[in-house]
Amino acid sequence: MANFSKSNAPRFSVDVYQNEYLPEGAREVNAIVTVTSTGGGTTGGMPLPVTDPARATLHDGPEAGVVIMVDCSGSMDYPPTKMRNARDATAAAIDTLRDGVAFAVVAGTHVAKEVYPGNGALATADAGTRAEAKDALRGLSAGGGTAIGTWLTLADRLLGSADVAIRHGIVLTDGRNEHEEPEELRAALDACAGRFTCDARGVGTDWEVKEVTGIASALLGTADIVADPGGLAEDFTQMMESAMGKEVADVALRLWTPLGSEIKFVKQVAPAVEELTGRRTEAGPRAGDYPTGSWGDESRDYHVCVEVPSAEVGQEMLAARVSLILPAPEGGTPQTLSQGLIRAVWTDDMVATTSINPQVAHYTGQAELAQAIQAGLDMRKSGDEAGATAKLGRAVQLANESGNADTAKLLSKVVDVVDAAAGTVRLKAKVAEADEMTLETRSTKTVRVKK
């Protein structure tokens, strides 16, 4: 049986993949940084089954707080089964909560209202509170508009009321955020960023992809489409299982560079592409922290690009030092979980300098794949068929080259593939809205380097 004690917290490792050799005068160093967290007592990222009566005594480590935000706007009544599916999915998520986890349910319309426990705080999960929460779900009904920023603000207030290490939200919406200005949603996201992570789901096909993915991106969570409301319960269960698997929160990727060097960009490239460059916070002389959110038993890859001073053949230098940092408790010092080094060596060996590291090449292609899909779909919507055909053809080619079968399958529902290797495609005359939205929502999902 898994031991959930603090002494069994996850162990982190950092591996750096790069070609450190540069020709004389070259200044750009690229590396893929693989961060792996193992041994957190999370049974591979999955919680203990809810039916285990002994689970309440197994976890004395960092506890979690979760707020589920359910869209209750008027459109959730069309079709009437959608609201019922949402209630059932929320009940399934509640059933997945581990004993001792703090939680709440919020009904979201043009305002946010507490559904359970309803006292301005979070409840503590046990058999009794889970039953009470599911009973309270019967009062959920559709009516009103949509202002997701108010939902997030209430979730932040509720999560902030609990003394927990890991704070997480789940947002379900079926429509566009029409009852607040985009700036209001952005302000709410800015206020919540770094305070809790959040997964976002769009149900049906009447919501805006960029709104849902923007929420997940800002709050370091996942985004997806559940085109058929009947699939909500399974999706909510998986989301909650993943949340219950998190053991460490607020881990930062810290990059230190020597004098004369600077970070050009940092992006997560697996399991999905996520731009982190603009999220840097200064962390002392020549050092900056990039947020990575919460971790369970998992592995992620990051692409780091460093600009170094030009140098002559025979010189070498440390281009950057990569550290994983756990924030300091109040009055304490930050903990370094693991470190890795990015190097630069100048040589006149043409074979060495022209060799591209396989990991760097692969993830450069995966990032281009995501960009090609998004640009192609935007061009298709604006009526630029030639541009859309070129971009989506390039996406098919990249997906084929990298073995990204899931993305290739989604692309085949939007274009007819004539020659995948060459990227020759034709736009389909008719595309189901759910297929196009699924491709756009999942466009940033990547595959790892083929062995």
Within the side chain of [X], is there an N or O that forms a donor-acceptor pair under 3.5 Å with the backbone of [Y]?
X: T36; Y: S13; value: no
X: T213; Y: V209; value: yes
X: T109; Y: V111; value: yes
X: T96; Y: E241; value: no
X: T407; Y: N404; value: no
X: S75; Y: G175; value: no
X: T205; Y: E433; value: no
X: T424; Y: A420; value: no
X: E211; Y: N177; value: yes
X: S382; Y: M379; value: yes

Looking at side-chain heavy atoms only, is the closest gap between [X] and [Y] below 4.5 Å?
X: R280; Y: Y290; answer: yes
X: V417; Y: Q397; answer: no
X: I68; Y: V106; answer: no
X: T34; Y: S299; answer: yes
X: Q359; Y: V33; answer: no
X: V251; Y: F12; answer: yes
X: R279; Y: E274; answer: yes
X: L324; Y: T336; answer: no

- Where do E298 and S37 land on the side chain to side chain donor-acceptor pair (under 3.5 Å) test, with the steps shown first? CA-CA 5 Å; E298 58 191 294; S37 166; over 6 Å; no

Once rounded to the nearest 0.5 Å, what's the spacing between atom [atom1] of [X] and atom [atom2] of [Y]?
X: H168; Y: C198; atom1: NE2; atom2: SG; answer: 6.5 Å
X: T237; Y: I94; atom1: OG1; atom2: CD1; answer: 11.0 Å
X: D301; Y: K267; atom1: CG; atom2: NZ; answer: 13.5 Å
X: W295; Y: T38; atom1: CH2; atom2: OG1; answer: 11.0 Å
X: S443; Y: L377; atom1: OG; atom2: CG; answer: 7.5 Å
X: D135; Y: R130; atom1: CG; atom2: CZ; answer: 15.0 Å

- Is the Lys NZ or Arg CZ of K82 less than 6.0 Å from the centre of Y78's six-membered ring, within 45° of the axis? no

Salt bridge between [X] and [Y], side-chain N to carboxylate O under 4.0 Å?
X: K134; Y: E132; result: no
X: R426; Y: E385; result: no
X: E184; Y: R186; result: no
X: E436; Y: K413; result: no
X: E63; Y: R167; result: no

- Message: side chain to side chain donor-acceptor pair (under 3.5 Å) for T222 and D199? Distances and angles first, verdict last.
- Response: CA-CA 5 Å; T222 64; D199 295 322; 2.9 Å; yes

- Message: Give me the atom names and distance for the closest heavy-atom approach of A112 to W151.
- Response: CB-CA, 3.7 Å

- Heavy-atom pair with the smallest gap, counting every atom of A121 and A104: O-CB, 4.4 Å

- Note on the structure: With sequence neighbours left out, the residues meeting ring-ring contact (aromatic ring centres under 6.0 Å, His included) with Y302 are none

- Can D156 and T153 be counted as having a side-chain donor-acceptor contact under 3.5 angstrom? no

- Quick one: do the T146 and E178 side chains pair a donor with an acceptor below 3.5 Å? no

- Message: Applying the side-chain contact (heavy atoms from CB on, under 4.5 Å) criterion to M76, which one of D71, T173, L140 satisfies it?
- Response: D71

- Query: Run the side chain to side chain donor-acceptor pair (under 3.5 Å) check on D126 and T129 step by step: do they pass?
  - Reply: CA-CA 5 Å; D126 59 28; T129 55; 3.2 Å; yes

- Query: Under the side chain to side chain contact (heavy atoms under 4.5 Å, CB included) criterion, do M69 and I170 qualify, and how do the steps go?
  - Reply: CA-CA 6 Å; M69 293 158 268; I170 291 175; 5.9 Å; no

- Derivation of the salt bridge (charged side-chain N to carboxylate O under 4.0 Å, His left out) call for E440 and K381: CA-CA 12 Å; E440 185 176 1; K381 290 173 188 172; 3.0 Å; yes

- D224 pairs by side-chain hydrogen bond (donor to acceptor under 3.5 Å, both in side chains) with which of R201, R442, K445? R442

- Message: Is it the case that atom CD in E234 sees more than 12 heavy atoms from other parts of the structure closer than 6.0 Å?
- Response: no

- Task: Give the intermediate values and the outcome of side chain to side chain contact (heavy atoms under 4.5 Å, CB included) for residues V273 and T446.
- Result: CA-CA 7 Å; V273 177; T446 59; 3.6 Å; yes

